[in-house]
Every structure is written in C-alpha cells, then in structure tokens.
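Notes to accompany the following structure.
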Amino acid sequence: MPERLTIRRATPDDAADVAALAAKTFFETFAADNRPEDMAAHLATAYGVAQQSAEIADPDYVTLLAFADDALAAFAQVRRKTPPPCVTGDGPIEIHRFYVDQRWHGQGIARPLMEACVEAVRGFGGHTAWLSVWERNPRAQAFYAKAGFTRVGEADFWVGPDRQTDYILALTIA
Ligand SMILES: CC(C)(COP(=O)(O)OP(=O)(O)OC[C@H]1O[C@@H](n2cnc3c(N)ncnc32)[C@H](O)[C@@H]1OP(=O)(O)O)[C@@H](O)C(=O)NCCC(=O)NCCS
C-alpha cells in the first residue's frame, strides 16, 4: 500500500508520463499473449505524446492519474462515446482505459481510481458506466466484478490485424 495516494485530472504537461505508463502497462499485460508485430502496431497507434496530448485536451475525455507516494502509479480515462447496442442503460459513458502499474497491483489503488471514474461518469451526466475487457484478462474481470460491473455482451477488439473478443461490462450508477 502506498503511504499517500492522490488522484487528479491530467494536464497537458502529463502527456509524456501517461504515454509511457500506458505503453508499459499494455505491453506487460498483453505481450505474452500477442504476436510482437501486432503489439508494435497497436502501441504505435494508441500511445505516444501526440495521442495522449490530444486525449487530455479533448472535452469528451477525462484522464485521471493516481500517484502513489508522488510517483505516477495508474491512469484511467472516461469518455463520451456511443456504446455498442448491448449497453442499454440510461446515460451510457465509457471507461475507456484503466491501467495500474504492475508493481502496484493488489495494493488498493484500483478501487479509489474506479470511484474517481464513477464520479467522472456522473460529471458527464451519465447513469451507466460501460467498458470492454479482453476475454483472456481474468484479473481485470475479477476486479470489475468486485466493483459491481456485470457482463452485457461482446465486441471485437483489434490488436494490429488480430481480431480479439472483448466482453462488454456495465454498471448502473445511482
Ligand atoms: C485490472 C487492474 C486495474 C486491477 O487492479 P488490481 O490492483 O490488480 O485489482 P485487485 O487486486 O483489487 O483485484 C484483482 C482481483 O483479481 C484477482 N486475480 C489476480 N489474478 C487473477 C487471475 N489470473 N485470475 C482471476 N483472478 C485474479 C485478485 O486476487 C483480486 O481479487 P481479490 O481481491 O478477491 O483477491 C490491474 O490489475 C491492472 O491495471 N492490470 C493491467 C492492465 C489491465 O488489465 N487493465 C484493464 C484493461 S480492461
């Protein structure tokens, strides 16, 4: 457990740190189960200073950072995006990315970060949080179940040219 955990919105100055953590965490989580060339293709398009700068500045995104003892330990993004048809709840808002640095897994950072995401969903006027999780990511599925999400459907997710199956989860927010 960190001695001190702080969560705040990202600013443009954070873009490089967010890009580095995002690429590192994506690689650590999925490299063992994906072809190197597919990983490289995804990392090149999804993460970088330009990409995360644009997201941080985008009014349809809220990018949240969690600092453990003043070091960046996790980030999450909430965004306004049309959901797949299986998400039928009122006011759907997506939790787009949710990544905790490996060294901080299981240490109580994910839950407060999720609470901050739910607040951001409310801030967008949302009443339903929805997200996608890879069918082969049991740890994330276990965490989202603890947070109250239930499975409502499936969708394709592309890692480079590799089509994979994501579960779509949703949570009603009072
Ligand atoms: C998903 C993530 C945010 C969860 O944060 P965390 O700190 O690891 O979450 P927790 O430890 O509170 O909860 C994970 C649960 O899964 C369990 N778990 C761990 N490995 C597991 C596995 N292989 N299969 C099933 N459950 C597993 C843990 O024991 C824990 O349950 P418990 O509290 O009952 O013991 C974090 O692991 C992470 O960032 N992973 C890498 C990136 C990622 O996958 N992001 C989600 C993309 S959709």
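Both counts, for ligands and for their atoms, begin at 1 and track the order of listing.
Atom 24 (N) of ligand 1 is approached by the protein to below 4.0 angstrom, counting heavy atoms only. Distances from atom 42 (C) of ligand 1 to the protein include at least one heavy-atom value under 4.0 Å. Distances from atom 35 (O) of ligand 1 to the protein include no heavy-atom value under 4.0 Å.
No option in R97, Q52, E94 other than R97 meets the side chain to side chain donor-acceptor pair (under 3.5 Å) test with Q77.
Only the side chain of T29 comes within 4.0 Å of ligand 1, judged by heavy-atom distances. Heavy atoms of Y144 found under 4.0 angstrom from ligand 1 belong exclusively to the side chain. The side chain of K146, and not its backbone, has at least one atom closer than 4.0 Å to an atom of ligand 1 (non-hydrogen atoms only; side chain from C-beta on). Here A74 has no heavy atoms under 4.0 Å from ligand 1, in either its backbone or its side chain. When heavy-atom distances to ligand 1 are checked against a 4.0 Å cut-off, A110 comes that close only through its side chain, counted from C-beta outward.
The N/O atoms of W104, backbone and side chain alike, include none that comes under 3.5 Å of an N/O atom in ligand 1. At least one N or O atom of N137, backbone or side chain, sits closer than 3.5 Å to an N or O atom of ligand 1. For a threshold of 3.5 Å applied to N or O pairs, the pair formed by F143 and ligand 1 contains no separation below that value.
A salt bridge between D60 and K81 is absent, with no side-chain N of the basic residue lying under 4.0 Å from a carboxylate O of the acidic one.
A donor-acceptor pair under 3.5 Å is formed between the side chain of T45 and the backbone N or O of H42. Not a single donor-acceptor pair under 3.5 Å links the side chain of D38 to the backbone N or O of N34. At least one donor-acceptor pair under 3.5 Å links the side chain of Q141 to the backbone N or O of E135.
Ring geometry, F98 versus F143: the interplanar angle falls under 30°, so the pair is classed parallel (tilted spans 30 to 60°). In this pair, Y99 and F75 present their aromatic rings perpendicular. The plane angle is above 60°, beyond the 30 to 60° band.
Each of the following atoms of ligand 1 lies closer than 4.0 Å to a heavy atom of Y99: 39 (O), 42 (C), 43 (C), 45 (N), 47 (C). Close contacts between ligand 1 and G106 involve ligand atoms 6 (P), 7 (O), 8 (O), 11 (O) [criterion: under 4.0 Å to a heavy atom]. If you number the atoms of ligand 1 from 1 as listed, the ones under 4.0 Å from a heavy atom of S132 come out as 48 (S).
Using a 4.5 Å cut-off on side-chain heavy atoms (C-beta onward), R8 and L65 make contact. Side-chain contact between V121 and L171 is absent, with no heavy-atom pair separated by less than 4.5 Å.
When the shell of 6.0 Å around CZ of R111 is examined, it contains 12 or fewer heavy atoms from other residues, nucleotides or ligands. Atom CZ of F67 has more than 12 neighbouring heavy atoms from other residues, nucleotides or ligands inside a 6.0 Å radius.
Shortest contact from atom 16 (O) of ligand 1 to any protein heavy atom: A142 CB, 3.3 Å. H105 NE2, 3.2 Å is the protein heavy atom nearest to atom 38 (C) of ligand 1. Among protein heavy atoms, the minimum distance from atom 39 (O) of ligand 1 is reached at V100 N, 2.7 Å. R139 NE, 2.7 Å is the protein heavy atom nearest to atom 8 (O) of ligand 1.
When F98, Y167, F157, F26 are ranked by how near their heavy atoms come to atom 46 (C) of ligand 1, first place goes to F98.
Grouping the Ile, Leu, Val, Met, Phe, Trp and Tyr side chains by contacts below 4.5 angstrom, directly or via other members, places Y47 with W134.
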